[in-house]
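Read the structure below first, then the notes.
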Amino acid sequence: MPVDLKKMRNIGIMAHIDAGKTTTTERILYYTGKIHKIGEIDNGQATMDWMQQEQERGITICSAATTTTWKNHQINIIDTPGHVDFTAEVERSLRVLDGAVAVICAVDGVQPQTETVWKQADTFKVPRIVYMNKMDRIGADFFGSKDDIASKFGVECVALQIPIGEGQDFEGVIDLLKMKEIRFEGDEGEKVVESDIDEGYLDMANQWREKLIDQVASADDELAEIYLEGGELTVEQLKAALRKATISRTLVPVVMGSSRHNQGVQPLIDAVIDYLPCPTDIPPAKGLHVKKDKEEAVEIPCDVSKQALGLVFKIQYDKEMGSLCYVRMYSGKIASGSQILNINKKKRERVNRILRMHADKSEAVNAIEAGDIAVFVGLKLAQTGDSIGSEGFPVLLEEPVFPQPVISVSLEPESMSERDKMNETLEILSKEDPTFTYHEDAETGQLIISGMGELHLDVLVTRMKDDFGVKCRVGAPQVTYREAVTAAAETTEVFEKVLAGKENKAGITVKVEPRETGSGNSYACTVRNNEIPEEIYAAVENGFKSSLEAGINVGYPCTDTAVTVTGIDYDELTASTFAFEACAAQAFDKVCNMAKPELLEPVMNVDITCPKEFVGEAMSQMTQRGGMILGQDSKTSGDLIHAQAPMAKMFGFTTNLRSATKGMASFSMEFSHFQVKVGGLGTEY
């Protein structure tokens, strides 16, 4: 049965770790009738945290998808992780979502990871609403946390509700649109009871309703006219204007509750339907039409009658079914059993089955249409970021960009018979997670795996042992360094060699120079000569790009380095692709050593949360490790210290910080940039 796109919502639940995303999702599923018993994270029963690792650690590791219905609307929900090590899971989910619910803790307000996910949502222009959770906790401050969001993110927040009591006195909410008190009764808060506003709250409610009308009218010219002329605005008019302002991201509606104590979740689901966009409300997706002669930018309207086009945004391995490809459809329709084209790989594949997921359970569907999210079974070549569709409309949707891994450990199989099994498992895991990579070190013969942080690698290694049964040993963590030039240099290199009686000769003039921090490498060739065949240009480019990967002196990949070929000495009698590739490698080594090469190390942004009395100890722990304190925020729950420190000095920081602060402090860490390492590699290696 075709789904009315106006009655579909694709939403993500995003927030800092421990703000209550999974608990909130659990309540949404219960009240919408998707599950019949609420599972708690504390006892490992949460529906969306279905992986054994998630249940044991009590955190979300991979984004889980589910579909439910509320008031005749289909809601596709993705519950994303909050821990910074799994930021790629959030990134790829936001790429395909139409709207998001930002869960904010009413006690702590905006926390470090909230800022990260908020910025990610800004990048993808995702409209969002805020759900202020934990209103029943001591120290909960709805108005303070709302102001915190407004000042930190520069957005205009509209309170749709005000609380009836805060902290332990929290009883329910006052709906400022209906002007009613709402309480949640019954064993699981399933009964929503409305009543007239108590006289003690009436003045405050009128003030905040006036403020709401003022904010909404300011964002809508038609309503502003009625309002200024003294006319009465209806609830329907306010809702329509608020929806428009939310979708255009000029206003952010704020609702509240306590998910753990089953209060405030039903109005949140209403807000999702009332204010977040359906697939046709958002601007059409953009892509590149791959023609034979050129690539052309096109818009992809969300229309079932058009050619099929979807994006694989996540891959998950299932023991029985193999690779599960999570697909967001942007246009057209794909039926199970049909053939599709993987546009990135230019290969045909068959969709054996299409499933609608509910965390780790699934139900089969016959087809998936534009605007919807489902799982394809049977795609063997698909990877995260691949566009799939029909040969008549070969459009590449923008691939997600993932951060570079910053930490590595060595991995050894316990026996040679385990080696093949380990390699197969690593291939599956790296296909699932684009921020996880592995390679064999040419010098030591060790297998090195790299990821986003200690927890990230710990989770992956535990999965290898428990889920895939691989017996392996883990070596000490290593930092992934980079190399770069710090000055400009130019040289000419000539390569000559007689092979099998034939003379091979090549000459290249090349210039290298440093680029801005974080801008990556670049390659350009300013030589244009019709007599030089295309394969020679390709060989030169290949030689330099391989050299950038192989590094200058120590073997770490180069970064922020610009390579420009300014001259090619070509003779058709002695030229060969081999000679030019070899010449490029020699020229690269020579010119980079002239350009003052340096070793760069990853620097991390570190956010430490600790009680006020331990701020001095926490800062001292940071500076002892060569860290730099950038700033400090005071919150009701404690202080937040912003710092930067080299990754290499941060191993074991958790233990030291906890012992110095009697276990009261915690920290989160994410990659910031690469900087020149003082004293080279030193004695670490």
Side-chain angles (χ1 to χ4, degrees), residues 13 15-27 38 40-43 46 58-59 82-83 101-115 130-152 157 159-174 181-189 198 200-201 204-205 208 254-268 607-615 617-618 632-641 657-658 661-668:
I13 313 282
H16 182 88
I17 192 166
D18 278 346
K21 296 176 300 301
T22 304
T23 307
T24 304
T25 310
E26 198 71 16
R27 287 349 181 240
I38 294 175
E40 296 297 355
I41 293 170
D42 298 350
N43 52 24
I59 60 169
H83 198 285
V101 176
V103 181
I104 308 276
C105 173
V107 181
D108 294 318
V110 174
Q111 293 167 282
Q113 190 59 16
T114 319
E115 297 192 40
V130 167
Y131 173 64
M132 200 76 72
N133 192 20
K134 304 190 181 182
M135 283 298 298
D136 60 325
R137 289 262 298 274
I138 295 168
D141 179 2
F142 172 73
F143 302 107
S145 295
K146 184 178 87 66
D147 293 343
D148 196 20
I149 298 165
S151 63
K152 283 266 170 62
C157 295
L160 304 185
Q161 303 166 344
I162 55 169
I164 305 171
E166 284 185 316
Q168 290 172 314
D169 303 327
F170 181 67
E171 291 176 31
V173 299
I174 294 171
E181 285 190 2
I182 302 176
R183 285 180 174 80
F184 306 89
E185 295 173 2
D187 294 341
E188 308 284 7
D198 186 86
Y201 282 105
M204 187 181 174
W208 278 95
V254 185
V255 293
M256 78 191 87
S258 165
S259 298
R260 185 66 201 264
H261 291 103
N262 311 318
Q263 293 171 298
V265 178
Q266 295 95 323
L268 166 65
D607 290 298
I608 304 169
T609 310
C610 76
K612 288 181 175 22
E613 64 266 30
F614 291 117
V615 167
E617 283 88 342
Q632 186 181 343
D633 294 338
S634 282
K635 303 243 172 159
T636 47
S637 59
D639 279 31
L640 183 63
I641 303 160
L657 181 68
R658 281 182 185 156
T661 60
K662 298 185 179 169
M664 304 287 278
S666 62
F667 77 99
S668 67

Measure across [X] and [Y] and return the closest heavy-atom pair with its distance rounded to 0.1 Å.
| X | Y | answer |
| --- | --- | --- |
| I641 | A618 | CD1-CB, 3.9 Å |
| I104 | G109 | CG2-O, 3.5 Å |
| M135 | F170 | O-CB, 3.7 Å |
| S145 | C105 | OG-O, 3.9 Å |
| N133 | V103 | CB-CG1, 3.8 Å |
| S258 | Y131 | N-OH, 3.6 Å |

Salt bridge check, R183 against E185: does any charged N sit closer than 4.0 Å to a carboxylate O?
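R183 and E185: not salt-bridged.
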
With heavy-atom distances below 4.5 Å as the criterion, would you say the side chains of [X] and [Y] are in contact?
| X | Y | result |
| --- | --- | --- |
| P267 | V255 | no |
| L160 | V254 | no |
| L268 | V101 | yes |
| C157 | V130 | no |
| S634 | K612 | yes |
| L657 | I608 | yes |
| V265 | S259 | yes |

Does E181 reach the main-chain N or O of D198 with its side chain, forming a donor-acceptor pair under 3.5 Å?
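Answer holds: yes.
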
Under 3.5 Å, is there a donor-acceptor pair between the side chain of Q161 and the main chain of M256?
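Yes; at least one donor-acceptor contact below 3.5 Å.
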
Interatomic distance, E171 atom CD to E166 atom CD [nearest 0.5 angstrom]:
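It comes to 12.5 Å.
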
Hey, what do you get for CG (D639) to CD (Q632), rounding to the nearest 0.5 Å?
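D639 atom CG to Q632 atom CD measures 4.5 Å (nearest 0.5 Å).
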
Please step through side chain to side chain contact (heavy atoms under 4.5 Å, CB included) for the pair L640 and D607, ending with a clear verdict.
CA-CA 7 Å; L640 183 63; D607 290 298; 4.2 Å; yes

I164 vs I174, test: side chain to side chain contact (heavy atoms under 4.5 Å, CB included). Steps then yes/no.
CA-CA 7 Å; I164 305 171; I174 294 171; 3.7 Å; yes

Of F142, Y201, F143, the residue whose pairing with W208 passes ring pair (Phe, Tyr, Trp, His ring centres under 6.0 Å):
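In the set F142, Y201, F143, the residue that makes a ring pair (Phe, Tyr, Trp, His ring centres under 6.0 Å) with W208 is F143.
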
Tell me which one of R260, H261, Q168 satisfies side-chain hydrogen bond (donor to acceptor under 3.5 Å, both in side chains) with D136.
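It is H261; the other options fail the test.
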
Is there a side chain to side chain contact (heavy atoms under 4.5 Å, CB included) between M132 and I149? Walk through the geometry before answering.
CA-CA 11 Å; M132 200 76 72; I149 298 165; 4.0 Å; yes

Taking salt bridge (Lys or Arg N to Asp or Glu O under 4.0 Å) as the definition, give me every residue that meets it alongside D148, ordered by chain and number, with sequence neighbours left out.
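In terms of salt bridge (Lys or Arg N to Asp or Glu O under 4.0 Å), with neighbours along the sequence ignored, D148 is linked to K152, K635.
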
